Engineer: 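Below you'll find the structure I mean.
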Amino acid sequence: MKKIQMVDLTGQYEDIREEVNKSIQQVMETAAFINGPEVHGFQKELEDYLGVKHVIPCANGTDALQIAMMGLGLKPGDEVITADFTFAATVEVIALLGLTPVLVDVDAETFNINPEAVRKAITPKTKAIVPVHLFGQCAPMDELLAIAEENGLFLIEDNAQAIGATHTFKDGSKKMAGTMGHVAATSFFPSKNLGCYGDGGAIFTNDDDLAHFIRGIVNHGMYERYHHDVIGVNSRLDSIQAAVLRAKLPRLDDYCSRRREAARKYNKAFKGNSALILPKTVNNCDGICPTCDCHVFHQYTLRITNGKRDALAAHLSEKGIPFGIYYPIPLHRQKAYTDPRYREADFPVTNQLVKEVISLPMHTELDDDQIEFITATVLNFI
Ligand SMILES: *Cc1c(COP(=O)(O)O)cnc(C)c1O
């Protein structure tokens, strides 16, 4: 059996080697390192794939979130509501801009932000909600869009983990993750579902004025050469990364189905075990419906409910099976983000999840022998 990896990027590279090598070489030969044709080509292709009017590439996903918030004109003192259970980048940029992060609890089954908790956290200072489509599945967008509209709030999607996922609204209509709010941010970090070979990110929006404003912000606030109209940043996707992304984008749907296929096999093996809670898909399809694209399984995350999560983790390490604990500490308890307003009683779910979650190897190259070995090892231990 091949050595099991948490993410297997070399296997994926083999499949696109020729194409990627050729375009990287072309970038070097034409020396169009910044804003070259590869970047513009990728931008257009991603706009078409997502069905969104504007993609603005930038240097990484954290920048994308920050720039989205700058683009919306959020000002110090404005409150921005986001999930307590996510990667720190989301709350980091809110704090960095001098905005006030307001962390709220999540749903125990989907791990995504809880709309009722969002509603309760709204004050006259609230300006935006940042749902994170965690682990590859969209946050409850019907409810969140309604809350945003009723309260005149911006909705910024953190889509770093769910590119390629589709959300089905209650009326049956569908939209892709990252195209539902006022603006969205994504990351092309190598291990993300659409990853490049370094850092990369992008902002998406359907709003022409906002897109224009953001295109200036990413480029030192310039709309006309050497005229700096607003305070901007320097955040660019380089051409070599764009070349990699152009090779991968046409394969993204296939990558996502391969991840779903692995999740389906995990689910099948784990189903019925009382010490395990399987990841829930919003469509209640259990990851088993063949056409379902509601979940792109950036992570396959189990909850271990018999108190043995850490012991299982140690056991997996012994057996050479990598795993991840996403996330071990709620953001409201991180030193940088504590706030006297937070009360432990407001975060029962996150406080529980940090003790129970474990993410198993998940990537496009997992084979049946590996999945069989992983599931048998987990089940034998549990
Ligand atoms: C990866 C990630 C980011 C940050 O992306 P980078 O490209 O690493 O800056 C932001 N939010 C979430 C939820 C992420 O998973």
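These numbers come from a predicted model, not from an experiment. Just so you know, ligand 1 is whichever comes first in the structure, and atom 1 is the first atom listed for that ligand. The residues of the chain are indexed from 1 along the displayed sequence.
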Engineer: Under 4.0 Å from any heavy atom of Val132, which atoms of ligand 1 are there?
Structural biologist: 13 (C)

Engineer: In a check of side chain to side chain contact (heavy atoms under 4.5 Å, CB included) between Ser23 and each of Glu18, Glu38, Arg246, which one passes?
Structural biologist: Glu38

Engineer: Quick one: CZ on Phe154 to CG on Asp78, what's the gap to the nearest 0.5 Å?
Structural biologist: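 That separation rounds to 9.5 Å.
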
Engineer: I need the nearest protein heavy-atom contact for atom 4 (C) of ligand 1: residue, atom name and distance, please.
Structural biologist: Thr62 OG1, 3.5 Å

Engineer: Do any nitrogen or oxygen atoms of Thr86 lie less than 3.5 angstrom from nitrogen or oxygen atoms of ligand 1?
Structural biologist: no

Engineer: With heavy-atom distances below 4.0 Å as the criterion, list the atoms of ligand 1 near Ala160.
Structural biologist: 2 (C), 3 (C), 10 (C), 11 (N), 12 (C), 14 (C), 15 (O)

Engineer: Under a 3.5 Å threshold, yes or no: a donor from one side chain and an acceptor from the other, between Asp142 and His167?
Structural biologist: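 Distance-only check passes for Asp142 and His167.
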
Engineer: Quick check: does Asp199 get an N/O under 3.5 Å from an N/O on ligand 1?
Structural biologist: no

Engineer: Under 3.5 Å, N or O to N or O, is Ser187 touching ligand 1 that way?
Structural biologist: yes

Engineer: Going by heavy-atom distance to atom 3 (C) of ligand 1, choose the closest among Gln161, Lys192, His298.
Structural biologist: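 Result: the heavy atom closest to atom 3 (C) of ligand 1 is in Lys192.
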
Engineer: Parallel, tilted or perpendicular: which one describes the rings of Tyr342 and Phe347, with boundaries at 30° and 60°?
Structural biologist: perpendicular

Engineer: Taking distance alone, with no angle check, do Gly61 and ligand 1 share an N/O pair under 3.5 Å?
Structural biologist: yes

Engineer: What are the two closest non-hydrogen atoms of Ser359 and Tyr326, and how far apart are they?
Structural biologist: OG-CD1, 3.4 Å

Engineer: Of all the non-hydrogen atoms in the protein, which one sits nearest to atom 11 (N) of ligand 1, and at what distance?
Structural biologist: Asp158 OD2, 2.8 Å

Engineer: Under 4.0 Å from a heavy atom of Asn60: which atoms of ligand 1 are those, numbered in the order shown and with their elements?
Structural biologist: 7 (O), 9 (O)

Engineer: Take His212 and Tyr223 through the ring pair (Phe, Tyr, Trp, His ring centres under 6.0 Å) test and state the conclusion after the steps.
Structural biologist: CA-CA 9 Å; His212 173 74; Tyr223 297 88; 4.9 Å; yes

Engineer: On a heavy-atom basis, which atom in Gly200 and which in Leu237 lie closest, and how many Å separate them?
Structural biologist: CA-CD1, 3.7 Å

